[in-house]
Every structure is written in structure tokens, then in C-alpha cells.
Amino acid sequence: MGIDLGQVDQLLNKIPYPISTGGLVQFAKQHGANDQTISIFERMPDQTFNSPDDIKNTFGNLKNLGNLGGLKL
């Protein structure tokens, strides 16, 4: 099972911003995100996100840098 980008998009639109990386992981767990999505969020740098675009940009940078550890998108 890979990352459900539709699920991620829905999740990002429900988050109360600003949110820290730890808060993002906790929010994802509480709102039923799959294990792969949670794993990606756990690999994100420790920072504060102010919008869905902040998270998407960081997610994209992880993907481009190959820091997804073989997780399937």
C-alpha cells in the first residue's frame, strides 16, 4: 500500500494551522491516516507549517531528495 494522495490532500485541508511537525503527525494519527502517510510526516524536518502548501513543498523536497526510504507513492 502506498501514499493515498487524495487522503493526504483532505487531511491537509482539515489541519488547524500553524502546526508543528509533531502536531502534524499526531493529527494524522487521530484522523485515520495510513501508516505510510504517517511515516512520511515523521520524516519531515522539525518545523512549523503555516499552510497546506508549506507541507506539500516539504513533502515534495523529501521526494526529490530521495528521503522517502523506499516508500511507494
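Remember, predicted model here, so these are calculated numbers, not experimental data.
Here CZ of Arg43 is found 15.5 Å from OG1 of Thr58. Values are rounded to the nearest 0.5 Å. To the nearest 0.5 angstrom, Thr21 atom OG1 is 10.5 Å from Phe41 atom CZ. One distance of note links OG of Ser20 with CD of Gln26; it measures 10.0 Å at 0.5 Å rounding.
For Gln7, the side-chain contact (heavy atoms from CB on, under 4.5 Å) partners two or more places apart in sequence, or in a different chain, are Asp4, Ala33, Asn34, Thr37.
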Without placing hydrogens or testing angles, list every side-chain donor-acceptor pair under 3.5 Å for residues 8-16, not counting sequence neighbours.
unit_1	atom_1	unit_2	atom_2	d
Asp9	OD1	Lys56	NZ	3.0
Asn13	ND2	Asp9	O	3.1

Please set out all donor-acceptor pairs under 3.5 angstrom arising from side-chain atoms of residues 45-52, sequence neighbours excluded.
unit_1	atom_1	unit_2	atom_2	d
Ser51	OG	Asp53	N	3.3
Ser51	OG	Asp54	N	3.2

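Residue pairs meeting the salt bridge (Lys or Arg N to Asp or Glu O under 4.0 Å) criterion with at least one member in residues 20-33, sequence neighbours excluded, are Lys29-Glu42.
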